Structure formats: C-alpha cells, structure tokens
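Take a look at the structure below.
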Amino acid sequence: MANTQAMATSFKTELLSGIHALGTTVIRAGTGADTFKAALYLTTATLDASTTAYSSSNEVSGTGYSAGGITVTNATAPTSSGTTAYWTPSANPTYTTVTLATAFDAVLIYNSTQSNKAVSVHTFGSQTISAGTFTLTMPISDATNALIRIA
C-alpha cells in the first residue's frame, strides 16, 4: 500500500467550524457559532467570486425588507462524508411580508460576526414580489447537494 497525497477530510470540516486560523491576523474572541446573514441583490448587481464582504450597493430595497437581509438559521454543524466536508443552513431563509418591485436574482450569504465577510453568492431566476413571502429553499445537506461543499 502506498501513501496518497490528500487534504485531511477532518481538516475540511474543521475549517467550516472555524477551528483553524491559517492567517496571523485572525483572532477568535468566542467559541460560539458566528451569525450569518442572507442579503438579496438586484439583477444589475455584479456579485461573484471576487465579492469579499457585504455591501448595501445594489441590494434590494422595499417595504418589509431591511438592509443587510435576514439572519440565517445556523443550527446544523458542518460534517463530512467521504472526502467532502459540507454545511447547509438548518432552515430556509424566508423574507415575510415584503414588496420588492425591482427585479432581483441573487443572495449573498455573509458572516456578520466577522466584519460582514462574504461566504458565497447564489443566483436564481429574476424575481419580484408584492406584499408576499419569498423563501429560498435550501438543498439537502449532504456531500452532493449541500449549500457549501469542500471536496
């Protein structure tokens, strides 16, 4: 049997749990889970992999929507299967009684505990809503479908 080069699966899960700080500027003040938020963005926004933090620029606005979005329910710990670590919010983000008349098609998940640092951008078909509820249905939390996967 030969050795195989690989990143340890436990390390991937621990990254999602904030165990490892590979940079010298990272300071963890607490041991609890950080607070994550989900902010909606207009179709004219330009969010992508280079997005580093939440910004109100091109964020939706309307009745019942607060700048910064909503808190993401984070009651599920990161886990792994095979060589993939993964995490999905434990509840579907839901914006209730909102009127968002300008088309939007993206959500930014960001860490409000850590200086609003961006986590991920997710896109969907262009939407508007009038005095209703908008729900982002989260995928199954497994190694193939989870919202965040490190393989």
Side-chain angles (χ1 to χ4, degrees), residues 1-61 65-96 98 100 103-127 129 133-151:
M1 181 176 222
N3 295 315
T4 302
Q5 178 175 296
M7 182 180 295
T9 302
S10 60
F11 176 72
K12 297 173 194 176
T13 303
E14 292 163 357
L15 280 176
L16 291 174
S17 294
I19 301 298
H20 300 279
L22 300 175
T24 58
T25 60
V26 177
I27 299 171
R28 297 294 295 186
T31 57
D34 289 345
T35 298
F36 294 88
K37 292 195 169 188
L40 298 173
Y41 285 84
L42 301 172
T43 58
T44 55
T46 55
L47 302 178
D48 58 21
S50 68
T51 302
T52 58
Y54 162 78
S55 168
S56 61
S57 178
N58 289 308
E59 183 178 10
V60 301
S61 64
Y65 183 88
S66 297
I70 59 173
T71 300
V72 172
T73 304
N74 182 17
T76 305
T79 191
S80 64
S81 177
T83 60
T84 302
Y86 58 89
W87 173 84
T88 296
S90 54
N92 295 328
T94 302
Y95 305 80
T96 57
V98 293
L100 304 171
F104 61 97
D105 68 352
V107 63
L108 172 69
I109 305 294
Y110 68 96
N111 187 335
S112 66
T113 303
Q114 300 297 327
S115 304
N116 295 331
K117 293 182 184 300
V119 173
S120 57
V121 177
H122 304 275
T123 58
F124 42 83
S126 180
Q127 306 284 317
I129 188 165
T133 297
F134 179 71
T135 301
L136 290 165
T137 303
M138 291 293 102
I140 296 168
S141 191
D142 64 21
T144 304
N145 302 294
L147 191 69
I148 307 248
R149 296 181 308 272
I150 300 175

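Values in this document were obtained by computation on a predicted structure and should not be read as measured data.
Distance CZ/Phe124 to OG1/Thr137: 11.0 Å, rounded to 0.5 Å. Rounded to the nearest 0.5 Å, atoms NZ (Lys37) and CD1 (Ile70) are 10.0 Å apart. How far CG of Leu108 is from CZ of Phe36: 11.5 Å, rounded to the nearest 0.5 Å.
Scanning both residues, Thr76 and Ser90, for their nearest heavy atoms gives OG1-CB, 3.1 Å. Taking each heavy atom of Glu59 and Ala39 in turn, the nearest pair found is OE2-CB, 3.6 Å. What you find for Pro139 and Ala146 is that their closest heavy atoms are CG-C, 4.0 Å. When all heavy atoms of Ser126 and Thr43 are compared, the pair lying nearest together is OG-CG2, 3.7 Å. Of all non-hydrogen atoms in Tyr86 and Thr84, the two that sit nearest each other are CD2-O, 3.7 Å. Met138 and Ala91 get closest at one heavy-atom pair: CG-O, 3.8 Å.
In this structure, Thr113 contributes its side chain and Thr35 its backbone to a donor-acceptor pair below 3.5 Å. Judged by distance alone, with hydrogens and angles left aside, the side-chain atoms of Tyr54 form a donor-acceptor pair with the main-chain N or O of Gly68 at under 3.5 Å. Counting only distance, with no hydrogens or angles, the side chain of Thr88 and the backbone of Leu147 share a donor-acceptor pair below 3.5 Å. In this structure, Thr94 contributes its side chain and Asn92 its backbone to a donor-acceptor pair below 3.5 Å.
Aromatic ring centres of Tyr65 and Phe104 lie farther apart than the 6.0 Å criterion allows.
Put simply, the side chain of Val98 does not reach to within 4.5 Å of the side chain of Thr133, judged on heavy atoms. Under the 4.5 Å side-chain criterion, counting only non-hydrogen atoms from C-beta, Val107 is not in contact with Pro93.
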Discussion item. Assess the residue pair Thr51 and Tyr110 against the criterion (side chain to side chain contact (heavy atoms under 4.5 Å, CB included)); give the C-alpha distance rounded to whole Å, side-chain angles, the decisive distance to 0.1 Å, and a yes or no.
Written reply: CA-CA 10 Å; Thr51 302; Tyr110 68 96; over 6 Å; no
- Query: Should Leu100 and Phe134 be marked as a side chain to side chain contact (heavy atoms under 4.5 Å, CB included) after you check the CA-CA gap, both sets of side-chain angles, and the distance that decides it?
  - Reply: CA-CA 10 Å; Leu100 304 171; Phe134 179 71; 5.8 Å; no
One pair to check against side chain to side chain contact (heavy atoms under 4.5 Å, CB included): Ile129 and Tyr95. What are the steps and the verdict? CA-CA 10 Å; Ile129 188 165; Tyr95 305 80; over 6 Å; no
Practice problem: Could you walk me through whether Thr44 and Asn58 pass side chain to side chain contact (heavy atoms under 4.5 Å, CB included), step by step? | Solution: CA-CA 7 Å; Thr44 55; Asn58 289 308; 3.8 Å; yes
